[in-house]
Protein chains: 2
Amino acid sequence: MVGRMAVVEDELSLVFSALADPTRRAIVERLALGEATVNQLAEPFAMTQQAISKHLKVLERARLITRTRTAQARPCVLDTENLDAAVGWIERHRQIWADRHDRLSEHLAALQAGRAKNEDKP
Amino acid sequence: MVGRMAVVEDELSLVFSALADPTRRAIVERLALGEATVNQLAEPFAMTQQAISKHLKVLERARLITRTRTAQARPCVLDTENLDAAVGWIERHRQIWADRHDRLSEHLAALQAGRAKNEDKP
DNA sequence: CATTTGCACAACCAATAGGTTGTGGAAGTG
DNA sequence: CACTTCCACAACCTATTGGTTGTGCAAATG
């Protein structure tokens with residue numbers, strides 16, 4: 001195999017990689033305040049409308065936004081389901097580590113306490 | 001400006017893009033169970049040790065792991081601080097939207113209730 | 001000391017990402 | 001109808017990503 005790439009991108013990868021771009025995060029922040037059209041979203045950025053459309057397509061593929069059609073406009077709405085999925089994944093593993101880490105700290109504290117019986121300054 | 005790329009990658013982008021790869025997420029999952037050496041981490045994957053080393057460098061740059069030195073081994077440990085940062089960012093904006101969405105659902109439910117007075121089947 | 005083990009650095013490669021310009025269609029407005 | 005507004009598609013460009021092979025050093029082991 002020479003240089004083959006990922007073919008079947010899983011949803012979580014799409015979500016995280018969608019959130020990995022500052023422009024797209026800004027768009028999500030904006031959409032958290034309410035729906036907006038492409039031009040409204042593009043306005044604050046120093047880039048073309050086409051670039052923003054590309055970003056929106058990435059967010060849509062990650063199912064972080066959904067798009068409706070109102071007349072000639074294409075308003076975007078935030079879809080939090082996959083945001084939840086992302087938080088879920090992180091929390092699941094962060095918590096396991098945190099628990100272990102607590103026990104480790106506990107263990108070290110116990111050791112420290114044991115040493116304190118013999119010498120005041122370690 | 002013709003095709004200039006991101007120069008000053010912010011930390012959050014590094015974190016999300018580090019988590020955007022299934023191999024790296026698997027590594028994080030593994031490290032949530034406790035520290036491991038490079039070879040231990042590489043073992044489950046159908047790729048070279050060098051590829052894993054690259055992935056570890058990405059995780060290290062995102063400050064999701066830290067590496068110590070024990071003899072000739074380089075054990076990796078999970079660092080949850082930036083995982084927390086990622087969750088924090090998502091939660092902040094997800095919550096705002098969720099609140100708005102609740103009020104919208106409420107509003108729609110109220111409308112629906114109003115209609116129910118006139119016709120049973122909407 | 002010779003060898004193995006653990007890991008990283010470098011050069012290379014194909015695919016992807018993130019931007020551009022150019023263009024055109026579909027829906028509202030004079 | 002002519003025109004403008006809103007948006008997407010296509011072609012193109014460059015940098016980055018995710019993998020490879022080849023190599024070599026540093027520390028443990030015989």
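Source: prediction; values computed, not measured. By convention in this document, chain letters (A, B, ...) are assigned in the order of the sequence lines, proteins followed by strands, and residues within each chain are numbered from 1.
- dC9(D) atom P lies 10 Å from atom CD of Glu60(A), rounded to whole Å.
- Side chain of Arg25(B) to backbone of Leu19(B): a donor-acceptor contact under 3.5 angstrom is found.
- Phosphate proximity of dT5(D) to Asn39(A): absent, as no side-chain N or O sits under 4.0 Å from OP1 or OP2.
- The residue Ser17(B) sits apart from the nucleic acid: no heavy atom pair falls under 4.0 Å.
- With dC9(D), dC7(C), dT20(D) as the candidates, the nucleotide lying closest to the side chain of Thr48(B) is dT20(D).
- Taking every side-chain heavy atom of Thr37(B) into account, dC7(C) is the closest of dC7(C), dG18(C), dA11(C).
- Between Arg74(B) atom CZ and dC25(D) atom P the separation is 18 Å, expressed in whole Å.
- Listed nucleotides: dG19(D), dG18(D), dA11(D). Nearest to the side chain of Lys54(B): dG19(D).
- Listed nucleotides: dC7(C), dG19(D), dG18(C). Nearest to the side chain of Thr23(B): dG19(D).
- Between Lys57(B) and dC9(C) there is a side-chain N or O to OP1 or OP2 distance below 4.0 Å.
- Atom CD of Glu81(B) is surrounded by 12 or fewer heavy atoms from other residues, nucleotides or ligands within 6.0 Å.
- Proximity of Ser53(A) to the phosphate of dA8(D): a side-chain N or O atom is located under 4.0 Å from OP1 or OP2.
- Considering only side-chain N and O atoms, Arg67(B) lies nowhere under 4.0 angstrom from the phosphate OP1 or OP2 of dC7(C).
- Each end of the helix from dC1(C)-dG30(D) to dG30(C)-dC1(D) gets its own axis from five base pairs, and the two axes differ in direction by 10°, given to 10 degrees.
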Please list, pair by pair, any protein nitrogen or oxygen found under 3.5 Å from a nitrogen or oxygen in nucleotides 22-24 of chain D.
{"from": "dG22(D)", "atom 1": "O6", "to": "Gln50(B)", "atom 2": "NE2", "distance (Å)": "2.7"}

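- Rounded to a whole Å, the CG atom of Asp21(B) is 18 Å from the P atom of dA15(C).
- Between the P atom of dT21(D) and the CD1 atom of Ile52(B) lies a distance of 14 Å, rounded to the nearest Å.
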Give me the distances for all protein-to-nucleotides 24-30 of chain C N/O pairs that come in under 3.5 Å?
none

